Amino acid sequence: MSERLETLKKARERMIEDRDAHAKVLAAPFDREKAERARSKFTEIQALIDALDRAIRGEDIISPKS
């Protein structure tokens with residue numbers, strides 16, 4: 001696996017961990033201020049995860065597995 005692909009996959013895993021933390025806030029008893037911030041961060045991080053997924057797929061196309 002190329003170093004670039006490995007870096008993208010590590011970044012994706014890290015973002016999933018961050019997203020999960022915000023999901024826990026959203027699942028907790030309602031607190032308007034915390035929920036609004038968590039909702040915003042959750043959607044921002046999910047967009048980043050989607051972008052990382054596209055980059056990973058693109059990297060797989062550029063350097064196919066042997």
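In this chain, residues are counted from 1 in sequence order. These numbers were taken from a predicted model, which means no experiment stands behind them.
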Engineer: Nearest 0.5 Å please: distance from the CZ atom of R4 over to the CD atom of E6.
Structural biologist: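 Atom-to-atom, R4:CZ and E6:CD are 13.0 Å apart.
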
Engineer: For the hydrophobic clusters of this structure (ILVMFWY residues joined by side-chain heavy atoms under 4.5 Å, transitively), does one cluster hold both L8 and I49?
Structural biologist: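 In one cluster: yes.
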
Engineer: So, do H22 and R37 sit near enough that their side-chain heavy atoms are less than 4.5 Å apart?
Structural biologist: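 Touching, per the 4.5 Å side-chain cut-off.
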
Engineer: Do D18 and R14 come close enough that some side-chain heavy atom pair is under 4.5 Å?
Structural biologist: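 Yes, at least one pair of side-chain atoms sits under 4.5 Å.
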
Engineer: When you measure from the side chain of T7 to the backbone N and O of E3, does any donor-acceptor pair fall under 3.5 Å?
Structural biologist: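 Yes: the side chain of T7 pairs with the backbone of E3.
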
Engineer: Honestly curious: do I45 and I56 fall in one hydrophobic cluster under the side-chain, below-4.5 Å linking rule?
Structural biologist: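 Yes, I45 connects to I56 through the hydrophobic network.
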
Engineer: Side-chain atoms of residues 26-34: list all donor-acceptor pairs with protein atoms under 3.5 Å, sequence neighbours left out, distances to 0.1 Å.
Structural biologist:
residue: D31; atom: OD1; partner: E33; partner atom: N; Å: 3.3
residue: D31; atom: OD1; partner: K34; partner atom: N; Å: 3.4

Engineer: Verify side chain to side chain contact (heavy atoms under 4.5 Å, CB included) between R12 and K9, making sure each step is shown before the conclusion.
Structural biologist: CA-CA 5 Å; R12 184 182 187 282; K9 287 183 177 186; 5.5 Å; no

Engineer: Between K41 and E44, is there a side-chain N and carboxylate O pair less than 4.0 Å apart?
Structural biologist: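 Counted as a salt bridge, because a side-chain N and a carboxylate O are separated by less than 4.0 Å.
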
Engineer: Quick check for you: to the nearest 0.5 Å, what is the distance between R19 atom CZ and T43 atom OG1?
Structural biologist: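 The OG1 atom of T43 is 12.0 Å from CZ of R19, to the nearest 0.5 Å.
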
Engineer: Does L5 belong to the same Ile/Leu/Val/Met/Phe/Trp/Tyr cluster as L48, with side-chain heavy atoms less than 4.5 Å apart forming each link?
Structural biologist: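 Same cluster.
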
Engineer: Atom CE of M15 and atom NZ of K10: how far apart are they, to the nearest 0.5 Å?
Structural biologist: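 Here the interatomic distance stands at 14.0 Å.
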
